[in-house]
Amino acid sequence: MDLDLAMSFHLVKENEGNLRRYGALLASGNSKVRLTGTAGEEDLWEQHIVDCGALVSLLPRGARVIDVGTGGGLPGMVWALCRSDVGVTLLDSVGKKCAAVEEMARMMGLEPHRVQVVCSRSEEFARLNREVYDVACARALSEAPVLAELLSPLVAVGGMVWAMKGPRCEEELAPGEGRWGELGLSDPEVLDYDLGDRHRKLVIWRKISPCPDRYPRRPGMAEKRPWYR
Ligand SMILES: C[S@@+](CC[C@H](N)C(=O)[O-])C[C@H]1O[C@@H](n2cnc3c(N)ncnc32)[C@H](O)[C@@H]1O
């Protein structure tokens, strides 16, 4: 897959007004609930909003997307603001974060039938919402193999699991080498992109067969006892 950064930044530019408004809401919400580790609108813009915006042209047209562990809405809110053709579910297990994201979505005029906020552990949500999304993505959620167990059950065969990662991601992928098919996934492809002096990576797995029903295991198990051991 090719990442067309120029097209993504064109979409970011076109939607900059709304994205800046969202950044301002995120900065003010952050003083009440910790939605991201970054304070200050300019830093939020550079380190988070632009990073999420960089991938926006990669989303398939009309895709159903879930952002697992959305925190303050990253990356799902950025994608919903730049791409009115995609449906986005923003999922997090912390009630206060979900309430803040729901309020931001409402203030940004995002319609609930297109952008929904769900407060749940992904392990529980995936039991009832199996293999319904075209893309499941996570940013700063957990190590790649853990994330693959949590996200693969949510994605329909033919869809994709995305992990937004920093420079260490190949080390994280190593334990799963040759074994991803056990989760219904292809071998991963890693796309590199640079944002100023920051080197970022997107890991993409294709969903090639149904994920066995035993995944995801109950909450916390994916970290405690990795599936590949
Ligand atoms: C470090 S934050 C990242 C937030 C956001 N994606 C970002 O890039 O700023 C991780 C978020 O994942 C949520 N989380 C962790 N494990 C989860 C799970 N199994 N189900 C749902 N949410 C989860 C946490 O509540 C937290 O808000």
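Index from 1, following the sequence. Counting starts at 1 for both ligands and their atoms, following the listed order. Values reported hereafter were calculated over all heavy atoms of this structure, with side chains retained and with hydrogens, waters and symmetry mates removed.
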Could you tell me the separation between the CD1 atom of Ile49 and the CG atom of Asn15, rounded to the nearest 0.5 Å?
12.0 Å
Does a donor on one side chain sit under 3.5 Å from an acceptor on the other, for Thr89 and Tyr133?
yes
Please table the atom pairs, donor to acceptor, closer than 3.5 Å between any side-chain atom in residues 222-229 and protein atoms at least two apart or in another chain.
{"from": "Trp227", "atom 1": "NE1", "to": "Pro145", "atom 2": "O", "distance (Å)": "3.1"}

What side-chain donor-acceptor pairs closer than 3.5 Å can you find for residues 74-82, not counting sequence neighbours?
{"from": "Trp79", "atom 1": "NE1", "to": "Cys52", "atom 2": "O", "distance (Å)": "2.8"}

Can you give me every donor-acceptor pair (side chain of residues 156-168, partner residue at least two apart or in another chain, under 3.5 Å) with its distance?
{"from": "Lys165", "atom 1": "NZ", "to": "Ser142", "atom 2": "O", "distance (Å)": "2.7"}
{"from": "Lys165", "atom 1": "NZ", "to": "Glu172", "atom 2": "OE1", "distance (Å)": "2.9"}
{"from": "Arg168", "atom 1": "NE", "to": "Glu171", "atom 2": "OE1", "distance (Å)": "3.3"}

Could you give the distance from CG (Leu147) to CZ (Arg139), rounded to the nearest 0.5 Å?
13.0 Å
Identify, chain by chain and in numerical order, each protein residue with a heavy atom under 4.0 Å from an atom of ligand 1.
Gly69, Thr70, Gly71, Leu74, Leu91, Asp92, Ser93, Val94, Lys97, Ser120, Arg121, Ser122, Glu123, Arg139, Ala140, Leu141
